[in-house]
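Quick notes on the structure that follows.
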Amino acid sequence: MARFVLIALLFATALAACPAVRAEGLNPYTIVDDAIPESLTGTKGDATRGRALIVERSSTCILCHSGPFAEQAFQGDLAPNLSGSGGRWSEGQLRLRLVDASHLNPATIMPSYYRLDGLTRVGNAWRDRPILSAEQIEDIVAYLVTLRD
Amino acid sequence: MKLFGCIAILTALAGAALATEIPQGEHRSGASFMGPDTRAMQDDDTANPGMLWVLDGETLWTRKAGTADKACADCHSDARVSMRGVAAHYPAFDKTLGRPVDLEGRINLCRSNHQQATPLRYESRELLALTAYVAEQSRGMPIEAGHDPDLAPFVAKGHELFTQRQGQLNLACANCHDDNWDKKLAGAPITQGQPTGYPLYRLEWQSLGSLQRRLRACITGIRAQAYDFGSPELVELEAYLMSRARGMKIETPAVRP
């Protein structure tokens, strides 16, 4: 854990000096430090829909993460528990973590949910669209910020 | 300068987190991650559903086929003698083709070249049965695949495929099977992805299935384009997995959840 925090700190330093990247074929967004402060859709997401999305297997979150989802018997332990993520991170920080976690940690296993470039051999069924839509990401962000503890 | 510093830091950190191979002494079969019921099913031949395919294979071994009207047994006699240890060396380099072939590929080469019969379809009952019967003759023997120097470039390609991120989820085999094999994906254990038991009976499939079927499932799981059955890439992955599993015991027909 200590190592993770150290790496996160190093990245924060590195990223402050990095120019912002822009996605093609997607809603444009701007990275400020380690966050995307503005909504991808221009509006606020729906936290109830966001929770439902996270619990859905096809969103892939709980393959790796666990969280306060008592109704879901099968959760992953490859990644931090999502409880309290709204206490640890701001809305904008959470948004960047969903849009492109690899921007913060190039070695992360967390997929980039709103990215089209830099991917190899994407299957036909999934080609040319991000894993989640801008709306879905805003819904999930709206839910994650409510996870204060 | 700023940009350069940024790239240097990012590159150094990415390098520090590269996948590490599992040390020889820590190799574990998928069987060791299963519950006691599934293990008992694998260990008891009368309860192991895979044995039905092995029995079918034993019958097919002596059945004449093709315009040559020959059975496997006509060339290879008693499989319990002639096929002992064979599966532990596959995929093997085929000098005529100049590339490795896996056990299914070898069986189909015998069919077309020596029996003059049509090749068996991948995942067909017959091909799975014959493969399981041949592989079962090596049960308990250590895997020795990958020694042949002719194989080296193909094993290396397989290794490259294993560590290359791919698909919409942008994951490499190694992200799960080298780096996170002691963890759980949606509650189910991620194993080391060892190829020791194939063809094997998967409860989820309610059938026997080949190693290639398993590899295609993992590739689709990361939302990448699955290679076709019999494609060079799948055989290269098999060759790498078998050389990675060197020394581990063959378990065919294994059972998995």
Side-chain angles (χ1 to χ4, degrees), chain A residues 3-4 6-19 55-66 69 72-79 100-132, chain B residues 1-20 160-190 204 216-228 231 233-234 237 257:
Chain A
R3 190 163 153 257
F4 175 69
L6 174 69
I7 290 180
L9 277 174
L10 280 169
F11 275 117
T13 326
L15 288 164
C18 290
V55 173
E56 220 172 83
R57 183 115 180 203
S58 58
S59 309
T60 71
C61 309
I62 56 170
L63 288 180
C64 294
H65 289 277
S66 54
F69 317 116
Q72 252 299 354
F74 303 109
Q75 307 184 23
D77 67 357
L78 299 187
D100 188 7
S102 74
H103 183 85
L104 297 160
N105 172 8
T108 190
I109 55 167
M110 175 148 159
S112 298
Y113 284 86
Y114 199 65
R115 193 178 99 193
L116 295 175
D117 60 330
L119 300 174
T120 315
R121 302 195 64 259
V122 175
N124 290 332
W126 301 281
R127 204 163 291 162
D128 297 327
R129 54 187 172 84
I131 308 173
L132 295 173
Chain B
M1 178 56 215
K2 252 184 158 185
L3 184 62
F4 176 74
C6 154
I7 289 173
I9 294 173
L10 292 178
T11 316
L13 287 170
L18 270 185
T20 42
E160 213 173 281
L161 286 169
F162 193 80
T163 51
Q164 182 203 312
R165 287 188 185 238
Q166 53 176 323
Q168 196 190 34
L169 302 189
N170 201 27
L171 290 167
C173 315
N175 285 136
C176 287
H177 295 298
D178 276 349
D179 298 344
N180 285 297
W181 56 264
D182 51 347
K183 302 250 174 57
K184 290 201 162 68
L185 193 71
I190 299 177
E204 183 201 331
R216 282 166 49 89
C218 279
I219 293 172
T220 307
I222 51 183
R223 303 186 180 184
Q225 191 62 34
Y227 299 102
D228 293 336
S231 66
E233 289 87 354
L234 288 182
L237 269 174

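Owing to the predicted nature of the structure, the values given are computational and were not obtained by experimental measurement.
In this structure C173(B) satisfies the side chain to side chain contact (heavy atoms under 4.5 Å, CB included) test together with F162(B), sequence neighbours excluded. Legend: residues meeting side chain to side chain contact (heavy atoms under 4.5 Å, CB included) with L119(A), ordered by chain and number and at least two apart, are R115(A), V122(A), N170(B).
Note that CG of D128(A) is 10.0 Å distant from CD of Q168(B), once rounded to the nearest 0.5 Å. Atom CG of L78(A) and atom CG of N180(B) lie 5.0 Å apart (nearest 0.5 Å).
F74(A) places none of its side-chain heavy atoms less than 4.5 Å from the side chain of L185(B). Taking 4.5 Å as the limit, every side-chain heavy atom of T120(A) sits out of range of all side-chain heavy atoms of R165(B).
Interface check for chain A: of the options A186(B), A224(B), A188(B), the most heavy-atom pairs under 4.5 Å are formed by A186(B).
Counted by atom type alone, R121(A) and Q166(B) present one or more donor-acceptor pairs between their side chains at under 3.5 Å.
Remark: side-chain polar atoms of D77(A) are not paired, donor with acceptor, to backbone N or O of K183(B) under 3.5 angstrom.
For T60(A), the part lying under 4.5 angstrom from a heavy atom of chain B is the side chain only. L63(A) touches chain B through backbone and side chain together, each having a heavy atom under 4.5 Å away. Contacts between I222(B) and chain A at a heavy-atom distance below 4.5 Å are absent for every atom of the residue.
Heavy-atom minimum distance, I131(A) versus L169(B): CD1-CD2, 3.7 Å.
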What do the steps show when you test Q75(A) against K184(B) for side chain to side chain contact (heavy atoms under 4.5 Å, CB included), and what is the final call? CA-CA 8 Å; Q75(A) 307 184 23; K184(B) 290 201 162 68; over 6 Å; no

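No more than 12 heavy-atom neighbours from other residues, nucleotides or ligands sit within 6.0 angstrom of CZ on R57(A).
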